[in-house]
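Encoded as structure tokens, the structure appears first; notes follow it.
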Amino acid sequence: MPQTPIRITITGGEAAGKKTVQAGLKSRLLALNSGLKILTMHMSDYALASSSAAAAAVGGYDLERLAGDLEGVGGDEADVVVVEGRYMLCSGRLVVLFSPPLFSLGKARSAFVVVVIRDSKTRSLDTILDEYVRYSKPAFEQAILPTKHISDIILPAGAEGPGLDLIAHGVMDDIKRKRNRQSLPGILASAAHLQLPLTLSEVDLTTGAPSYYQTA
């Protein structure tokens, strides 16, 4: 039976640091094994329209086409596929493709500041604020945040801290087991069985103790 790559999705609200987490995870994986074939994908490449209202709505993206493209990536093309996007866990077809789903919370208080800095060169502050309040914030509260419980791993601080190092080592273990036709690491398998999300606690991660994970 042909091998399939390990698929990881990174989701969260606008300016939660999804692309930063994606790039950081790729960097850490390549540091552990420079020969890995890592494919990165972005939900934004599957947008159906360019308006702010459409971009903020789950219906503004062709998630079925994205799922189809993911299913078409074989183990000969990539060892790991890392996909980021705010609505990655809003599609049942996508959810079953990923292990583990990561939910990046970033630093919520600075999210709007990031949006302003990012978009202020092309749009006025009034326009940015209006679109954030009318579209982005409601989309996060109504569609994105409710998918948090589906995630296997939650990153409270986004790419900051040693969380990505832990995940990268876990992925490498998965690759070794996959090549040996074995199952996923026990800690993720147990969490999935119990249907409990795993929160990467900033406090626990700094201790270096075995209890890296804290159930939410």
Side-chain angles (χ1 to χ4, degrees), residues 5-33 36-47 55 61 63 66 70 73 78-91 94-95 97-115 117-119 136 139-140 143-175 184-185 187-188 191 197-206 212-214 216:
I6 292 173
R7 305 184 185 109
I8 301 171
T9 186
I10 302 163
T11 191
E14 184 175 14
K18 297 180 292 296
K19 289 185 176 66
T20 303
V21 170
Q22 182 188 52
L25 181 57
K26 179 179 180 179
S27 175
R28 285 162 174 79
L29 287 170
L30 291 175
L32 294 173
N33 184 342
L36 282 180
K37 293 179 289 184
I38 303 174
L39 174 64
T40 56
M41 299 175 67
H42 308 278
M43 188 193 74
S44 58
D45 292 335
Y46 294 81
Y61 300 89
L63 299 183
L66 172 55
L70 277 168
V73 178
D79 299 304
V80 183
V81 181
V82 188
V83 193
E84 64 81 23
R86 67 180 77 176
Y87 296 121
M88 294 304 298
L89 300 184
C90 293
S91 161
L94 284 173
V95 170
L97 291 177
F98 294 108
S99 181
L102 310 181
F103 195 100
S104 175
L105 292 179
K107 293 187 176 180
R109 288 175 297 179
S110 64
F112 179 66
V113 175
V114 173
V115 173
I117 295 173
R118 184 190 66 194
D119 298 346
S136 299
F140 176 76
I144 301 169
L145 189 58
T147 67
K148 178 182 173 182
H149 74 280
I150 302 174
S151 303
D152 286 330
I153 298 173
I154 298 168
L155 297 170
E160 296 183 9
L164 288 185
D165 292 308
L166 174 63
I167 294 167
H169 281 282
V171 171
M172 292 306 302
D173 287 342
D174 285 359
I175 291 173
L184 293 172
I187 190 167
L188 290 180
L198 296 176
T199 299
L200 292 180
S201 167
E202 294 176 84
V203 176
D204 289 343
L205 284 169
T206 59
Y212 286 122
Y213 294 99
Q214 175 184 333

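Just so you know, these numbers use all the heavy atoms, side chains as well, and skip hydrogens, waters and symmetry mates. On a predicted model such as this, the values are computed, not experimentally measured, just so you know.
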Report task. Check R86 against T11 and note the closest heavy-atom contact, atom names and distance. Result -> O-OG1, 2.9 Å

Report task. Check A168 against L29 and note the closest heavy-atom contact, atom names and distance. Result -> O-CD2, 3.6 Å

Do [X] and [Y] come within less than 4.5 Å of each other through their side chains, counting heavy atoms only?
X: M43; Y: V83; value: no
X: L39; Y: P5; value: no
X: I175; Y: L36; value: yes
X: Y87; Y: L94; value: no
X: M41; Y: L66; value: yes

**Report entry** Qualifying residue, where the test is side-chain contact (heavy atoms from CB on, under 4.5 Å) with I8 and the options are V81, I38, L25
**Finding:** L25

Query - Residues that K37 engages under side chain to side chain donor-acceptor pair (under 3.5 Å), provided they are two or more places apart - result: none

Requested in this report: Output yes when a side-chain donor or acceptor of Q22 lies under 3.5 Å from a complementary backbone atom of V82, and no otherwise.
Outcome: yes

Find the distance between [atom1] ([X]) and [atom2] ([Y]) and round it off to the nearest 0.5 Å.
X: L70; Y: F98; atom1: CG; atom2: CZ; answer: 4.5 Å
X: H42; Y: K18; atom1: NE2; atom2: NZ; answer: 11.5 Å
X: T40; Y: K26; atom1: OG1; atom2: NZ; answer: 4.5 Å
X: M88; Y: I10; atom1: CE; atom2: CD1; answer: 10.0 Å

